Amino acid sequence: GAGVSQSPSNKVTEKGKDVELRCDPISGHTALYWYRQSLGQGLEFLIYFQGNSAPDKSGLPSDRFSAERTGGSVSTLTIQRTQQEDSAVYLCASSLETGGKETQYFGPGTRLLVL
Amino acid sequence: GNSVTQMEGPVTLSEEAFLTINCTYTATGYPSLFWYVQYPGEGLQLLLKATKADDKGSNKGFEATYRKETTSFHLEKGSVQVSDSAVYFCALSGAGSYQLTFGKGTKLSVIP
């Protein structure tokens, strides 16, 4: 079946602009995760959703970052007033349920470049 | 907190050589352990996993054994191929947790 999809695959923006990144999880997966992959920091956890709820937002790097999930499916990660340090690959993953033993399936990522 | 340490490489091997990528972890309780692989230009894919001590995960000729006594989950393959060239990430998920904690990744290049 279809895997996790993300759009856009690449995004170039100017410093100070807002961007929206979209994630479509695997159908039927209740849990959805956002990570960031950058050269300096490696892979960092940002936020996860169980259904439409985000119980833990502590991984978000600043209040310029927000995320929502609607209908227990599609999620959007929004970065307001982008900064150059936001340049990274943003990865979305989904799993059937939450829990340490669950396998997370990753999308191809959105490569964000802030000029 | 949880952490994962893996050899950072890069690692360059000749085809058919033996591969070991070391991974050790720090976590409370009994985490689940994973190896993910990222081929050039592609996303992260699960390679194998183990969810309890002494379990061995295996896939595509790769193996890793969950060793609680040494807090390790080393990745091995007996004979690598050029197509194994990729970046390999060791990761853990704490018991009852939801987020993966990743190592920094090891880039493997296999030359003919």
Side-chain angles (χ1 to χ4, degrees), chain A residues 2-7 9-10 21 23-26 29-51 53-60 67 69 88-111, chain B residues 1-10 23 25-53 55 57-59 64 66 68 73 86-107:
Chain A
V4 177
S5 61
Q6 294 186 244
S7 61
S9 53
N10 291 280
L21 313 180
C23 172
D24 261 292
I26 294 172
H29 281 195
T30 62
L32 185 148
Y33 313 80
W34 284 98
Y35 293 83
R36 180 168 71 172
Q37 185 175 23
S38 57
L39 279 175
Q41 301 298 319
L43 276 153
E44 305 171 90
F45 168 80
L46 298 178
I47 190 171
Y48 93 103
F49 290 88
Q50 177 58 43
S53 301
D56 184 1
K57 302 179 181 180
S58 62
L60 295 176
R69 188 180 185 195
V89 178
Y90 289 82
L91 297 171
C92 176
S94 69
S95 64
L96 197 56
E97 298 175 357
T98 52
K101 298 183 180 181
E102 290 290 323
T103 296
Q104 296 183 22
Y105 297 88
F106 284 80
T110 293
R111 187 175 299 274
Chain B
N2 297 336
S3 67
V4 175
T5 302
Q6 64 178 107
M7 54 189 287
E8 291 190 20
C23 171
Y25 67 88
T26 301
T28 54
Y30 296 88
S32 294
L33 302 173
F34 305 82
W35 277 100
Y36 279 85
V37 58
Q38 190 170 36
Y39 297 103
E42 298 185 17
L44 281 169
Q45 302 176 24
L46 177 70
L47 181 59
L48 52 85
K49 74 177 190 181
T51 59
K52 62 182 188 293
D55 266 3
S58 60
N59 186 26
Y66 186 162
K68 184 148 183 73
F73 193 55
V87 181
Y88 293 81
F89 292 91
C90 185
L92 71 81
S93 181
S97 179
Y98 45 82
Q99 64 172 285
L100 288 168
T101 300
F102 286 90
K104 292 193 179 299
T106 302
K107 183 175 182 179

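Any value given below was found using the heavy atoms of this structure, including those in side chains, with hydrogens, waters and symmetry copies removed. On a predicted model such as this, the values are computed, not experimentally measured, just so you know.
Every residue meeting the ring pair (Phe, Tyr, Trp, His ring centres under 6.0 Å) condition with A:Phe45, not counting sequence neighbours, appears here in chain and number order: A:Tyr35, B:Tyr98.
Distance check: A:Lys101 NZ to B:Lys49 NZ gives 9.5 Å after rounding to the nearest 0.5 Å. Rounding to the nearest 0.5 angstrom, the gap separating the CD1 atom in A:Ile47 from the CD atom in B:Gln99 is 11.5 Å.
More than 12 heavy atoms of other residues, nucleotides or ligands shown are found within 6.0 angstrom of OH on B:Tyr39. Within 6.0 Å of atom NZ in B:Lys52, 12 or fewer heavy atoms from other residues, nucleotides or ligands are found, so the atom counts as exposed in its surroundings.
Among A:Asp56, A:Val4, A:Val89, the residue making the largest number of heavy-atom pairs under 4.5 Å with chain B is A:Asp56.
With a 4.5 Å cut-off on non-hydrogen atoms, A:Gln50 does not touch chain B at all. Residue contact with chain A, scored on non-hydrogen atoms closer than 4.5 Å, involves the side chain of B:Phe89 exclusively. Looking at B:Gln45, neither its backbone nor its side chain comes within 4.5 Å of chain A, counting heavy atoms on both sides.
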Residues B:Leu100, A:Leu43; criterion side chain to side chain contact (heavy atoms under 4.5 Å, CB included); working and verdict: CA-CA 9 Å; B:Leu100 288 168; A:Leu43 276 153; over 6 Å; no
